[in-house]
Structures are given as structure tokens and as C-alpha cells.
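Structure first, commentary second.
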Amino acid sequence: MGRDLAAVLSGPVLPAARALLGCVLRANGVAVRLSEVEAYHGMGQDEASHAHRGRTPRNTIMFGPAGFAYLYFTYGMHWCMNVVTEEEGHASAVLLRALEPVAHLEGRTQGPALLCKAMGIDGRLTGHDLVSDSLHIDDPRDERTIRVVKRPRIGVDYAGHWAKRLLRFYIAGNPFISRK
DNA sequence: TCATTGATGGTCT
DNA sequence: GACCATCAATGAG
């Protein structure tokens, strides 16, 4: 991971989420481009965040330093991946919701669980950093400006006014999006 | 096109 | 015991 991206991930979650759009994720030898993400704030704030009630065994990686993977298992069958952001002790993260293949890739990639399935990512990677051979995120430093669409997050209707906040981001015009 | 539901099991109260 | 940052299949309109 480049120095600039690492610095942004160590800062506030909104710019971090924005910066991850268009970045190249590589896992198990496959490279893809991130096309849709969601931002989740830390403890005591965001009612949709896994960390909002405090630290538990599951979410403890969210409280660590930025640039690590937080994997969680949900609905009895799906893995979803986050990138931890902000400084150690602040539990915010960015959920990876969809990606655009850059080479041949089997299966659909529009949705957080589909993304993990297609990339062969599961709970074994939780707590893993994003600078290794098996898991890596890089900013391609593309000169093109990415137009970002902001929408409410998916599947968090229980979260009161936090459900309405525009914390879901995707690349405008990109077809690899989980939902219109 | 939209709403509903079953699958399936970890996590937290 | 209830809930769940999901997905695919189903059926109504």
C-alpha cells in the first residue's frame, strides 16, 4: 500500500472511504478495482456500526490501527470485508460492497458477500494487514477524476437517523454496483 | 418491478 | 432467544 493511501486511511473515515474507490485490491493472486464502499463510524456514534456499543471479540480489530482487514460472518453463510480506518482506539471502517474485475474473474462481484466469495476471501483474513502478497490494496494514482455518488447505506434501516446519512459511495457511471 | 421469504449459524444480551 | 452491514428464488401486480 502506498504511503499516501496509508495516510488517508489513518484519517477520518469519510475521506478514507472516498479514497478507496478506484483502488486496486489484490487477493489470492487476483486484482480488481473497488467500485462501491460504505463508511461506518466508531463507538458510541453510528448506530449501524458493529462497534457502536463498544468492543467485543468480533469487532476488536476495528479498534486497532488503520489498514487492516475486518472480516465478519453474517446470515449464517456470508463473509463481508472491511478496511479499518482512523487511529488506534477509534473503531471506524469501510465496508467493501462491490468491485470491478480488471481481468477474468468467476462469479458476480456486486454485493459485499459476493465480492468476498468471488475473491476467495473469508474469516481467515480478519486482522490481516493490506500490504502482503496474499492481501493488498493500492492506489493506482489514476489521473482521471472519479465522480462519486452518495447514497444511504444498504440494510441498516434499524439504525435510526444514521440509516438516512449518505455514507454509501460508488463511482458514478460504473456498472459494478450492488443496487441502483 | 417490487415485496416477501427461506437458507443457515455466529454473536450478543 | 433475537437479531443480522446478504442473496436467490418466488409470486403478485
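From a predicted model like this one, the values you see are computed outputs, not experimental measurements. Every chain is numbered from 1, with letters handed out A, B, ... down the list of sequences.
- Distance check, rounded to the nearest 0.5 Å: CD1 of A/Ile61 to OH of A/Tyr70 gives 10.0 Å.
- Across residues 56-79 of chain A, A/Thr56, A/Pro57, A/Arg58, A/Phe73, A/Tyr75, A/Gly76, A/Met77 each have a non-hydrogen atom less than 4.0 Å from an atom of DNA chain B (numbered order).
- Between the NZ atom of A/Lys117 and the C1' atom of B/dT8 there is a distance of 15 Å, given to the nearest Å.
- Checking side-chain atoms of A/Asp139 against main-chain N and O of A/Leu5 turns up no donor-acceptor pair under 3.5 Å.
- Judged by distance alone, the side chain of A/Ser92 and the main-chain N or O of A/Thr85 form a donor-acceptor pair under 3.5 Å.
- Side chain of A/Glu100 to main chain of A/Asn174: no donor-acceptor pair is present (N/O by atom type, distance under 3.5 Å, no hydrogens or angles).
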Quick tally for nucleotides 8-13 of chain C: nucleotides whose base has a protein heavy atom under 4.0 Å get B, sugar-phosphate-only ones S, the rest -, giving S-----

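- Between A/Arg165 atom CZ and A/Asp46 atom CG the span is 7.5 Å, to the nearest 0.5 Å.
- The CG atom of A/Asp122 sits 12.0 Å away from the SG atom of A/Cys80 when rounded to the nearest 0.5 Å.
- In this structure, the side chain of A/Glu38 engages the main chain of A/Ile154 through a donor-acceptor pair within 3.5 Å.
- Taking atom CG of residue A/Asp157 and atom P of nucleotide B/dA3, one finds them 12 Å apart after rounding to whole Å.
- A distance below 6.0 Å separates the ring centres of A/Trp162 and A/His41.
- Side-chain contact check for A/Arg55 versus A/Met43: every heavy-atom pair is 4.5 Å or farther apart.
- Using a 4.0 Å cutoff on non-hydrogen atoms, the parts of residues 43-54 of chain A near DNA chain C are A/Ala48, A/His50, ordered by number.
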